[in-house]
Amino acid sequence: MARLMLAIPAALEERIATEAIRHGHSVVARSGSAAEAAEQLRDIRPDVAIVAAAPPFFTQALLSECDELGIRIVALVALDADRRLAASMGLRETVSAAADWPEIEALLRPVIGRDMPSVSQKQRGRVIAVWGPAGAPGRTTIAISIAAEIAAAGYSVALADVDTHSGAIAPSLGLLDEAPGFAAACRLAGGGALTIDEFERVGQRYWSAAGSFWVLTGIGSPSRWPELSPARVTATLEAARDWVDFTVLDTGFSMEHDEELSSDLAAPRRNGATIAALQSADQVVAVASADPIGLARFLRAYADVANLATTSRISVVANRVRASAIGLNPAVQVEQTLSRFGGVLTVALVPHDQSGFDTAVLTARTITDAAPRSSARLAIARFVASRILPEPAPAGQRWGRRKRRLRAATANN
C-alpha cells in the first residue's frame with residue numbers, strides 16, 4: 001500500500017493517520033509545517049504527501065519539491081480560501097478535510113497501483129496501438145502521455161514509434177534518432193536475433209521521477225520505411241511482450257492498401273507497419289481532434305480502424321476539447337457527434353491545454369513531468385487508470401518481473 005507523509009493540523013492528524021493505518025497504509029512522517037515536510041522528503045521518499053491546503057502546511061516550495069521527486073500530493077481543504085490557494089498553484093487533487101477516508105483514498109489509487117499490478121507474473125505483456133487520422137489530431141502526444149501514465153503506475157513500458165510518414169517521438173522527448181531503435185529491432189526480429197538484451201541495446205531510456213520507460217525511436221528519414229515490413233513489425237511486437245508489461249505504439253495515420261495493386265504483390269507496402277500494428281494490438285486508442293474538421297476526418301476513417309483491428313477493445317479519445325472550436329458545452333457536442341455519426345458510445349475527453357503541452361515540448365518532457373496538474377494530463381491519467389490498466393490486486397501481490405527489469409535498467413545505466 002502507500003507510504004504517506006502528513007502535514008496537517010493536529011486536530012486532523014490523529015483521525016487521518018488512524019484511518020490510513022487501518023486501511024493498510026503506512027504513515028512514515030508527520031510534519032508541523034511545509035518547510036519541515038520539504039526537508040524530510042528526500043530522505044523519506046513517501047509515495048504521497050497529504051497536506052492541509054493552508055499556510056503553514058502548503059507552500060509553492062513544498063509543491064515544487066514533490067514535483068521534482070515524483071511524489072503525489074493530496075490537499076485537504078476546510079475553507080473556500082484553502083480551495084482557492086490550491087487552485088492558484090495548479091493543484092487539483094483536493095478533498096474536503098471532513099471527508100471520510102475512502103474519499104481521500106480514492107486520490108491515492110494511482111500510487112496504490114504501483115506496487116500491486118494485478119497481472120500474473122507469467123502473463124505476457126500487452127500492446128496498445130495509438131492511431132489517429134490525418135491532420136495531426138495529437139497521436140504522438142497521446143501515445144507519449146499514455147506511456148508516461150502507465151510507467152507512473154509502476155509498470156514497465158516501451159514506447160515505439162511505428163509511423164512511417166513522420167515519426168516524432170524522438171524530438172518530442174529530446175532523444176537522438178540517428179539510429180532508429182524500432183527499425184533496428186525490426187531488422188533483428190527479421191533475422192530471429194531479437195532478445196531482451198538486444199531490445200535494451202537499441203532502445204533509449206526516458207528517465208523520470210514519476211516513472212521511467214523505454215523508447216524505440218522512429219525512422220528519421222521517410223525513405224527508410226521499407227525497413228518496417230509488416231512481418232518484421234509483427235515479430236518485433238510479439239517479442240516485446242516478453243520484454244515489458246506494456247508496449248505503446250505511435251502509428252501512422254494511413255491504412256491504405258494501394259500498394260497491393262502493383263504487379264508485384266510481394267512489394268513492400270508503406271502503410272504495412274501501421275496495419276500490422278493495429279492487427280497486433282490488444283487495444284487500440286483512436287484519437288480525434290475535437291473540432292469540426294478533426295471530427296469529420298475521424299469519422300471517415302474510424303470504420304476502417306474497426307475493420308482492421310483484430311481486437312474489440314477500441315477506445316476513442318477526443319483531444320483538445322474546447323468551446324472556442326466547437327461551441328458551448330463542447331463535451332456534450334463531441335459526445336453527441338461521435339455517437340450519432342460513428343456509433344461511439346463512450347469517449348474520453350481531453351481538455352485543451354496549450355500552455356501545458358507547450359511546456360512539455362519546450363522542455364522535451366512528458367506532460368506528466370512538465371505540467372503534472374494540467375487538466376489535460378489529469379484527464380489522460382483517468383483514462384489510463386479506467387480503460388487500460390488492470391484493477392489493483394489484493395494486498396501483498398507483487399509483480400517480480402517489473403522489479404527485475406527496473407534493477408537491470410538501473411544497472412545498465
Side-chain angles (χ1 to χ4, degrees), residues 2 38 41-42 45-49 60-75 86 89-93 107-111 113-114 128 130 138-161 168-177 203-217 244-246 248 250 317 319-320 350-385 388-389 402 406 409-410 413:
L41 284 176
R42 290 189 180 274
R45 295 295 179 101
D47 297 318
V48 183
Q60 185 64 57
L62 176 60
L63 193 61
S64 299
E65 189 75 5
C66 286
D67 285 350
E68 182 179 344
L69 297 174
I71 297 170
R72 189 175 182 84
I73 188 166
V74 173
M89 296 187 189
L91 182 65
R92 293 179 173 83
E93 293 93 340
L107 296 178
L108 311 184
R109 295 205 181 279
V111 173
R114 292 183 185 182
I128 313 295
V130 181
R139 286 186 307 275
T140 300
T141 297
I142 297 297
I144 291 174
S145 300
I146 288 174
E149 294 301 330
I150 295 174
Y155 295 88
S156 60
V157 183
L159 174 63
D161 195 332
I169 285 178
S172 296
L173 296 178
L175 302 174
L176 298 176
D177 61 354
Q204 298 183 55
R205 194 77 170 158
Y206 173 83
W207 293 103
S208 166
S212 302
F213 53 88
W214 291 99
V215 179
L216 297 173
T217 56
V244 290
D245 307 331
F246 288 88
V248 180
D250 179 18
V317 173
N319 192 28
R320 307 187 191 113
V350 177
H352 184 57
D353 182 9
Q354 192 65 50
S355 61
F357 284 114
D358 281 350
T359 301
V361 171
L362 179 64
T363 58
R365 294 185 295 167
T366 67
I367 194 169
T368 305
D369 290 329
R373 280 170 295 282
S374 159
S375 58
R377 181 260 159 165
L378 294 175
I380 296 170
R382 287 193 295 270
F383 166 74
V384 170
I388 294 179
L389 295 181
R402 176 180 65 82
L406 183 58
T410 304
N413 287 272

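Everything quoted here is computed from the prediction, not taken from an experiment. Both backbone and side-chain heavy atoms feed into the values below; hydrogens, waters and symmetry mates do not.
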Would you name the heavy atoms of [X] and [Y] that are closest together and state the gap between them?
X	Y	value
Gly203	Leu216	CA-CD2, 3.7 Å
Leu176	Gln204	O-NE2, 2.6 Å
Ala370	Ala360	CB-CA, 3.6 Å
Ala371	Gly356	CB-CA, 4.1 Å
Gly174	Ala364	N-CB, 3.6 Å
Cys66	Ile73	SG-CD1, 4.2 Å

Test log, rule side-chain contact (heavy atoms from CB on, under 4.5 Å), inputs Leu41 and Leu62: CA-CA 9 Å; Leu41 284 176; Leu62 176 60; 3.8 Å; yes
So do the side chains of [X] and [Y] get within less than 4.5 Å of each other, counting heavy atoms only?
X	Y	value
Arg320	Gln354	no
Ser172	Thr140	yes
Glu149	Ile146	no
Arg205	Trp214	yes
Thr217	Asp161	no

To the nearest 0.5 Å, what is the distance between [atom1] on [X] and [atom2] on [Y]?
X	Y	atom1	atom2	answer
Thr359	Asp369	OG1	CG	12.5 Å
Arg373	Asp353	CZ	CG	12.5 Å
Leu159	Phe213	CG	CZ	5.5 Å
Ile144	Ile169	CD1	CD1	5.5 Å
Asn319	Thr141	CG	OG1	7.0 Å
Glu65	Gln60	CD	CD	12.0 Å

Any donor-acceptor pair under 3.5 Å from Arg72 side chain to Val48 backbone: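 Pair absent, no side-chain N/O of Arg72 close to backbone of Val48.
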Tyr206 side chain vs Thr366 backbone, donor-acceptor pair below 3.5 Å: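 Judged by distance alone, yes, a pair lies under 3.5 Å.
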Distance-only side-chain donor-acceptor flag, Asp245 / Ser156, under 3.5 Å: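 Side chains of Asp245 and Ser156: pair found under 3.5 Å.
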Residues Phe246, Leu389; criterion side-chain contact (heavy atoms from CB on, under 4.5 Å); working and verdict: CA-CA 10 Å; Phe246 288 88; Leu389 295 181; 4.2 Å; yes
